[in-house]
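Predicted, not measured: the structure shown is a model, and the values here were computed from it. Because only heavy atoms are used, hydrogens play no part in the values below, and waters and symmetry mates are left out as well, while side chains stay in.
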Amino acid sequence: MAILVALALASATARAGGGDDAAAEHAFREALRRAAGGEAAAIDTFEALGAARPLTRWSDNAWAEVAQLAERAGAYPRA
């Protein structure tokens, strides 16, 4: 479900005609909150945010979170 939410946000952003940093920031901060709460699926949301087009100023941050969460989980190929 988290992936679907992130993809929906990314899709809405793309249709708006440019990187909607406000929507991306909201999704990023929500994923941070979920990750801090130990929700394993938060990494999927970060991946979706990082892969979403158009890029936003949060895209690189999302990939950095993916790498950190994957390393903590011992999922080194994913990191």
Worksheet item: If you measure from the Lys or Arg side-chain nitrogens to the Asp or Glu carboxylate oxygens, is any gap between R33 and E39 under 4.0 Å?
Response: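 So R33 does not pair with E39 through a salt bridge.
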Discussion item. Quick test of your reading of the model: are R53 and D20 salt-bridged, counting only N-O distances below 4.0 Å?
Written reply: no
Item to complete: Taking side-chain hydrogen bond (donor to acceptor under 3.5 Å, both in side chains) as the test, write out the residues that go with R29, two or more places apart.
Response: E25
Pair up each side-chain donor or acceptor in residues 59-77 with any protein partner under 3.5 Å, not counting sequence neighbours, and list the distances.
| residue | atom | partner | partner atom | Å |
| --- | --- | --- | --- | --- |
| S59 | OG | T56 | N | 3.0 |
| S59 | OG | T56 | O | 3.2 |
| W63 | NE1 | G50 | O | 3.0 |

Practice prompt. Provide the closest heavy-atom pair for R57 versus D21 in the form atom of the first, atom of the second, distance.
Written response: N-OD1, 3.2 Å
